[in-house]
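Values below: all heavy atoms of this structure, side chains included; hydrogens, waters and symmetry mates excluded.
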Amino acid sequence: MKKLLLFLIGSILLLSAACSSKDPVDQAVDILKESSENVAKATTEEEAIRITKETGEQLDALGIKNLKLSPEEQGKLTEAIVGYMQACMKSKIGLSGKESAPVLDLSSDESDSI
């Protein structure tokens, strides 16, 4: 039942995004922000994968790939994409279902210094 409800909500969001009067870039930014929040709340790997798949489908439906974007639009979209990627990386869901290791460890190890 929960899966059906989530599917219906996703479908409604997709339809509302497609029928909205906002321009496609603003719609994409809204989708990415909402997906960032949803992936941060995900409790299983399957849920995170589903959110990512739905996000991709919603963005593809907007047809942004076929648009010539201004530098301002590109900046807004890039900022939203980076925010989504950060939310995905910060989520506690790893491939094993356990807390994931850091993606990139920039801490210095004094034994490696010259």
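Among Leu77, Leu69, Leu59, Ile64, the one residue that satisfies the side-chain contact (heavy atoms from CB on, under 4.5 Å) test with Pro24 is Ile64.
Between the side chain of Glu54 and the backbone N or O of Ile51 there is no donor-acceptor pair closer than 3.5 Å. Here the side chain of Glu79 pairs no donor or acceptor atom with the backbone of Gly75 at under 3.5 angstrom.
The distance from atom CD of Gln58 to atom CG of Asp30, rounded to the nearest 0.5 Å, is 11.0 Å. Put simply, CG on Leu32 and CD on Gln27 are 12.0 Å apart, with the number rounded to the nearest 0.5 Å. Distance CZ/Arg50 to CG/Asn38: 7.5 Å, rounded to 0.5 Å.
Side-chain atoms of Gln74 and Thr78 include no donor-acceptor pair closer than 3.5 Å.
Lys76 has its side chain within reach of Asp26: a pair of non-hydrogen atoms, C-beta onward, lies under 4.5 Å apart. With a 4.5 Å cut-off on side-chain heavy atoms, Ile49 and Thr44 do not count as touching.
In this structure Ser36 satisfies the side-chain contact (heavy atoms from CB on, under 4.5 Å) test together with Tyr84, Ala87, sequence neighbours excluded.
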After noting the C-alpha distance and the side-chain angles of Val39 and Thr55, does the key distance pass the side-chain contact (heavy atoms from CB on, under 4.5 Å) rule?
CA-CA 10 Å; Val39 81; Thr55 301; over 6 Å; no
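The salt bridge (Lys or Arg N to Asp or Glu O under 4.0 Å) pairs that include a residue from residues 59-69 are Asp60-Lys65, where partners are two or more places apart or lie in different chains.
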